Trainee: 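The structure under discussion is supplied below as C-alpha cells; questions concerning it will follow.
Bear in mind the structure is a predicted one, so any value in this text is a computation, not a measurement.
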Amino acid sequence: MPTTASPNRPLHPRRSRVCYVFLVVLTLIFIIAVGFLITWLVTKPKKLHYSLENASVQNFNLTDDNHMSATFKLTIQSHNPNHRISVYYNSVEIYVKFKDQTLAFDTMEPFHQPRMNVTQIDDTLVAQNVAVSKSSGKDLRDQHSLGKIELEVYVKAKVRFKVAVWKSSHRTAHIKCSHATVYLSQSNKSLNSSCEADV
C-alpha cells in the first residue's frame, strides 16, 4: 500500500517573531559597537591631567583639645589635551584631608571644559572647629612648628564627555593630590604637585 508523505509544517508564527526580534537586537548591538569603535578611532581619547598649582593655609589654629580651624586656598589645574572631546563637570566636591581625615569640604558650580584647554579651579575651603584625633593633633603641631603642613587634596565630580553632538553618560571622576606641602607663610606656596586621576 503506497504511503503519502505528510506536508512540511509551517514555522510557528510566535517562534518566527522571536527569531526576527533576536536578529534585530543583535544587529542593533553590532551597529552600536561599530559606532563606538569608529568614535574611539576617530577621537583617539587622551587622559586628562590634573595638578595642584598653588596651596596656602591662613588663620591656622589648633586648640589644646585638638580642635582645628583654618582657611585653605587652592588652585587646581585641569588639562584637557583632546582635540575632539570636551568635558562637562557636574556636582564638583573638593576635600582637604590630613591622614585620611577630612578637615575642610566645599562644592563648586558645574562648568564646561572645552577641547585643548587648560582650566584653573580656584577655591577657598574653611575648617571651623574640626575635631581631629590625638595623633593627628600631635602631627599637625609638629608640622606647624616647621611652617608647613603636608595635606591631601581630593576632588570628586560627575563628568560627561562630548564628541560633536554625542554626550556620554555620567561618570564619577576621582582626583587625588597626595603629599601636597602647604606653607603657612604667605610668601611660600606649594607648586606643581601632580595628581592621580581615575576618570
Trainee: Under the rule for side-chain contact (heavy atoms from CB on, under 4.5 Å), what residues qualify as partners of D65, not counting sequence neighbours?
Mentor: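 So D65 forms a side-chain contact (heavy atoms from CB on, under 4.5 Å) with T63, H67.
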Trainee: Quick one: which residue pairs count as a disulfide bond (SG atoms under 2.5 Å apart) with a foot in residues 55-92, not counting sequence neighbours?
Mentor: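 Those involving residues 55-92 do not exist here.
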Trainee: Could you grab the distance from atom CZ of F72 to atom CD1 of I149, nearest 0.5 Å is fine?
Mentor: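 So the gap between those two atoms works out to 6.0 Å.
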Trainee: Given side chains that start at C-beta, do those of V132 and F98 come closer than 4.5 Å, heavy atoms only?
Mentor: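 With C-beta onward as the side chain, the pair stays apart.
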Trainee: Can you tell me if Q113 uses its side chain to pair, donor with acceptor, with the backbone of S78 under 3.5 Å?
Mentor: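 Side chain of Q113 to backbone of S78: a pair is present.
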Trainee: Donor-acceptor pairs are to be reported for all side-chain atoms of residues 118-129 against protein atoms at under 3.5 Å, with residues two or more places apart or in another chain.
Mentor:
unit_1: T119; atom_1: OG1; unit_2: N117; atom_2: OD1; d: 2.5
unit_1: D122; atom_1: OD1; unit_2: T75; atom_2: OG1; d: 2.7

Trainee: Taking only residues two or more places apart in sequence or in another chain, which ones pass side-chain hydrogen bond (donor to acceptor under 3.5 Å, both in side chains) with K158?
Mentor: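 Scan of K158 (side-chain hydrogen bond (donor to acceptor under 3.5 Å, both in side chains), adjacent residues dropped) gives T172.
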Trainee: Can you check whether N66 reaches K134 side chain to side chain, under 4.5 Å on heavy atoms?
Mentor: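 Touching, per the 4.5 Å side-chain cut-off.
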Trainee: Less than 4.5 Å apart, any side-chain heavy atom of N82 and any of K46?
Mentor: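 N82 reaches K46 side chain to side chain.
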Trainee: Which pairs, with at least one residue in residues 122-142 and sequence neighbours excluded, count as a ring-ring contact (aromatic ring centres under 6.0 Å, His included)?
Mentor: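 Passing the test, one end in residues 122-142: no pairs.
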Trainee: Look up atom SG in C19 and atom CG in L26, then write down how far apart they are to the nearest 0.5 Å.
Mentor: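 Going from SG on C19 over to CG on L26, the span is 12.0 Å.
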Trainee: At their closest point, which heavy atom of A180 faces which heavy atom of L52, and how far apart are they?
Mentor: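 Reported closest heavy-atom pair: CB-CD2, 3.5 Å.
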Trainee: Check the hydrophobic clustering (I, L, V, M, F, W, Y; side-chain heavy atoms under 4.5 Å; chains of links allowed) and say if I85 and V199 are grouped together.
Mentor: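 Same cluster.
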Trainee: I need the Y183 OH to N54 CG distance, nearest 0.5 Å.
Mentor: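 Atom-to-atom, Y183:OH and N54:CG are 12.5 Å apart.
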Trainee: Could you tell me the separation between the CD1 atom of I76 and the SG atom of C195, rounded to the nearest 0.5 Å?
Mentor: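 Spacing of CD1 (I76) from SG (C195) equals 6.5 Å.
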Trainee: Does N80 reach the main-chain N or O of P114 with its side chain, forming a donor-acceptor pair under 3.5 Å?
Mentor: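 Between the backbone of P114 and the side chain of N80 there is a qualifying donor-acceptor contact (under 3.5 Å).
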Trainee: Tell me which donor-acceptor pairs under 3.5 Å the side chains of residues 103-110 have, and how far apart each pair is, sequence neighbours excluded?
Mentor:
none

Trainee: Closest approach of L62 and G137, non-hydrogen atoms and distance?
Mentor: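 Of all heavy-atom pairs spanning L62 and G137, the closest is CD2-O, 3.5 Å.
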Trainee: Taking only residues two or more places apart in sequence, or in another chain, which ones meet V24 in a side-chain contact (heavy atoms from CB on, under 4.5 Å)?
Mentor: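 For V24, the residues satisfying side-chain contact (heavy atoms from CB on, under 4.5 Å) (neighbours in sequence not counted) are Y20, L28.
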Trainee: What are the two closest heavy atoms between L23 and T27, and how far apart are they?
Mentor: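 Minimum heavy-atom contact is O-OG1, 2.7 Å.
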Trainee: If you look at every heavy atom in H174 and K156, which pair is closest and at what distance?
Mentor: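 Minimum heavy-atom separation between H174 and K156: CE1-CD, 3.9 Å.
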Trainee: Pair K167, Y88 - check side chain to side chain contact (heavy atoms under 4.5 Å, CB included), show working.
Mentor: CA-CA 9 Å; K167 285 184 180 180; Y88 287 85; 3.8 Å; yes
Trainee: Where do P81 and H79 come nearest, in terms of heavy atoms and distance?
Mentor: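 Scanning both residues, the minimum pair turns out to be CD-O, 3.3 Å.
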Trainee: Who pairs with H112 by side-chain hydrogen bond (donor to acceptor under 3.5 Å, both in side chains), at least two apart in sequence or on another chain?
Mentor: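 Applying side-chain hydrogen bond (donor to acceptor under 3.5 Å, both in side chains) to H112 gives S86.
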Trainee: By the salt bridge (charged side-chain N to carboxylate O under 4.0 Å, His left out) test, which pairs, at least two apart or in different chains, include something from residues 140-150?
Mentor: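 Only K138-D142 qualify under salt bridge (charged side-chain N to carboxylate O under 4.0 Å, His left out).
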Trainee: Identify the heavy atoms of E152 and S178 that sit nearest to each other, and give their distance.
Mentor: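 Closest approach of E152 to S178: OE1-OG, 4.1 Å.
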Trainee: Hey, quick one: are Y50 and F111 part of the same hydrophobic cluster, counting side-chain heavy atoms closer than 4.5 Å, chains of contacts allowed?
Mentor: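 Yes, Y50 and F111 fall within the same hydrophobic cluster.
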Trainee: NE2/H179 to SG/C177 distance, rounded to the nearest 0.5 angstrom?
Mentor: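 Interatomic distance, H179 NE2 to C177 SG, rounded to 0.5 Å: 11.5 Å.
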Trainee: Measure the OG-CD distance between S193 and E53 for me, rounded to the nearest 0.5 Å.
Mentor: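 Output value for this atom pair is 9.5 Å.
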Trainee: Quick check: do L184 and S56 have side-chain heavy atoms less than 4.5 Å from each other?
Mentor: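 Answer no - side chains too far apart.
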Trainee: Tell me which pairs pass ring-ring contact (aromatic ring centres under 6.0 Å, His included) where either residue lies in residues 129-156, with sequence neighbours left out.
Mentor: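 Every ring-ring contact (aromatic ring centres under 6.0 Å, His included) pair that includes a residue of residues 129-156, provided the two are not neighbours, is F60-H144, Y95-Y154.
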Trainee: So, using side-chain contact (heavy atoms from CB on, under 4.5 Å) as the criterion, who are the partners of R171 when residues are at least two apart?
Mentor: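 Scan of R171 (side-chain contact (heavy atoms from CB on, under 4.5 Å), adjacent residues dropped) gives V159, F161.
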Trainee: So, using ring pair (Phe, Tyr, Trp, His ring centres under 6.0 Å) as the criterion, who are the partners of H170 when residues are at least two apart?
Mentor: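 Not a single residue meets the ring pair (Phe, Tyr, Trp, His ring centres under 6.0 Å) criterion with H170.
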